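All values derive from a computational prediction rather than experimental measurement. Atoms within each ligand, like the ligands themselves, are counted from 1 in listed order.
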Amino acid sequence: MKKVLITGAAGFLGSHLCDRFIHDGYHVIGMDNLITGDLKNIEHLFKLPQFEFYNHDVTKFVHVPGELDYILHFASPASPIDYLKIPIQTLKVGSLGTHNLLGLAKEKKARIIIASTSEVYGDPLVHPQTEDYYGNVNTIGPRGVYDEAKRFQESITMAYNSYHNVETRIVRIFNTYGPRMRLNDGRVVPAFIGQALRGEDLTVFGDGSQTRSFCYVDDLVEGIYRLLFSDYVYPVNIGNPSEITIAEFAEEIIKLTGTDQKVIYKPLPVNDPLQRQPDITKAKEVLDWKPIIGRAEGMKRTLEYFKSLSEEELYKSEHKDFSSYS
Ligand code: UDP
């Protein structure tokens, strides 16, 4: 049985990746320090003999006994609110954490895929974003801690590939949504759905003309899977090119939830990118991949998930205590 290490296993994407690899017959070691992850996302796996969980912070030396075939590095705070609250941990997991996992990949002769992000393009001056666009990032802005950690992560990954011949892959993930997103992490999908379900007005930041392109999590997982098993070492965008303004998106959520909530406008956060849309030509060429689940179907499934949460969870304000992390 092939063995795979998934960091960030208790998070939104990590937990879906654990499910996929378990489903496909792998032995999965899930690793997470539970800063932003939640064991609830993987508790259904604990009874399986082919699943193990290590509560560990990957910015510290990472030890896994025995052989390892693949590493998926998905540990990182990933929402603007989170990385504003834990900026240093965000920098460390992208830099020190990635260094540790690349070292582990070298030692075990394992192939490693690292989770990069459309944030490496910053507030992009090229639209849609192709992989050869270098980006427009404010290093010292509020998003700088995430964006620069991810940019460093790509550099050190390529260096391990060329200098140590480690088999590496880099996926640039665009906005993704689906079940198990954290209700109060500040990201727009859970924010709007949570507000609609609680009967609150939907908060659009700025004038709502900024755009995003939302990819359903199952499509993303399939893209990551194909990239890991491909021969392609350079970064590949994975996302859904269907672009929408945030104001239109708020209207879609109001319609979907059948509520009669209003939209209220709040100030646009600093360095909030004005537009974002992946160019997925490369993914189509190299991986024969494109998303197949549209927003209507994906949002319906996501809404079902949020509706299944208890009243207590729906009304709970942010439950994460970040005070002990630096
Ligand atoms: N946004 C919004 N209202 C909210 C939360 C977010 O209008 O309650 C906006 C946010 O300013 C951004 C977009 O929605 O323009 C997507 O935000 P998110 O945090 O989901 O992701 P990112 O900005 O990293 O793409």
Side-chain angles (χ1 to χ4, degrees), residues 11-13 36 76-87 90 94 115-124 127-129 135-138 141-151 172-217 220 237-254 257 259 261-278 295 298-299 302 306 314 317-318 320:
F12 165 47
L13 297 182
T36 55
S76 178
S79 88
I81 286 208
D82 285 348
Y83 45 79
L84 279 171
K85 283 188 190 157
I86 38 174
T90 302
S116 187
T117 165
S118 54
E119 282 284 328
V120 299
Y121 302 124
D123 191 0
H127 195 72
Q129 293 80 54
N136 176 37
V137 171
N138 177 3
R143 288 174 183 250
V145 293
Y146 184 64
D147 301 4
E148 292 302 333
K150 291 293 188 180
R151 290 168 67 95
R172 288 190 183 147
I173 299 169
F174 282 66
N175 293 68
T176 302
Y177 68 97
R180 303 185 191 151
M181 292 189 95
R182 230 166 74 227
L183 192 58
N184 293 308
D185 74 356
R187 279 181 290 191
V188 71
V189 173
F192 283 176
I193 294 182
Q195 286 163 344
L197 292 179
R198 288 188 299 264
E200 299 166 2
D201 293 334
L202 274 62
T203 53
V204 167
F205 298 160
D207 62 5
S209 64
Q210 72 272 34
T211 68
R212 293 295 184 273
S213 309
F214 298 107
C215 183
Y216 188 67
V217 63
L220 186 93
N237 289 340
I238 299 287
N240 190 323
S242 166
E243 187 182 4
I244 185 172
T245 69
I246 295 301
E248 285 166 339
F249 181 57
E251 294 302 333
E252 271 192 12
I253 295 293
I254 289 171
T257 51
T259 48
Q261 260 50 66
K262 288 195 299 296
V263 167
I264 53 170
Y265 292 86
K266 297 245 171 125
L268 190 68
V270 176
N271 295 148
D272 196 290
L274 280 182
Q275 50 181 11
R276 189 184 284 153
Q277 184 195 34
R295 225 174 26 249
M299 288 297 165
T302 307
F306 283 112
L314 188 61
S317 57
E318 182 58 81
K320 292 284 173 188

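Contacts between Asn175 and ligand 1, counted as non-hydrogen atom pairs separated by less than 4.0 Å, involve the side chain only. At a 4.0 Å heavy-atom cut-off, ligand 1 touches Arg143 through the side chain alone. Only side-chain heavy atoms of Arg212 come within less than 4.0 Å of ligand 1; its backbone N, CA, C and O stay farther off.
Between Tyr216 and Tyr177, the two ring planes are perpendicular [angle over 60°; tilted spans 30° to 60°].
Distances below 4.0 Å separate heavy atoms of Ala191 from the following atoms of ligand 1: 8 (O). Listed by number with element, the atoms of ligand 1 under 4.0 angstrom from any heavy atom of Glu119 are 24 (O).
Counting heavy atoms from C-beta outward, Gln261 and Arg198 have side chains that stay 4.5 Å or more apart. Using a 4.5 Å heavy-atom threshold, the side chains of Lys150 and Val137 count as separate. For the pair Asp185 and Ile81, the minimum side-chain heavy-atom distance is 4.5 Å or more. Side-chain contact check for Val189 versus Phe249: some heavy-atom pair is nearer than 4.5 Å.
Between Tyr83 and ligand 1, a contact under 3.5 Å exists for no N or O pair. Residue-to-ligand polar distances place Phe205 within reach of ligand 1: an N/O pair is separated by less than 3.5 Å. Where the criterion is an N or O separation shorter than 3.5 Å, residue side chain and backbone included, Val188 meets it with respect to ligand 1. Inclusion of Arg187 in the set of residues having an N or O under 3.5 Å from an N or O of ligand 1 is not warranted.
At a 4.0 Å cut-off, at least one heavy atom of Phe192 sits close enough to ligand 1 to count as contact. Remark: distances from the non-hydrogen atoms of Pro80 to ligand 1 include one below 4.0 Å. Contact annotation: Arg276 has at least one heavy atom less than 4.0 Å from an atom of ligand 1.
Defined by atom type and a distance below 3.5 Å, a donor-acceptor pair is missing between the side-chain atoms of Ser242 and Asn240. One side chain, Gln195 or Thr203, offers a donor N or O that lies under 3.5 Å from an acceptor on the other.
A side-chain contact (heavy atoms from CB on, under 4.5 Å) with Ile173 is found for one member of Ile238, Leu220, Asn237 and no other, namely Leu220.
Between the choices Ile246, Thr211, Leu274, Thr203, the shortest heavy-atom distance to atom 13 (C) of ligand 1 belongs to Ile246.
Salt-bridge check for Arg212 with Asp272: passed, with a basic side-chain N closer than 4.0 Å to an acidic carboxylate O.
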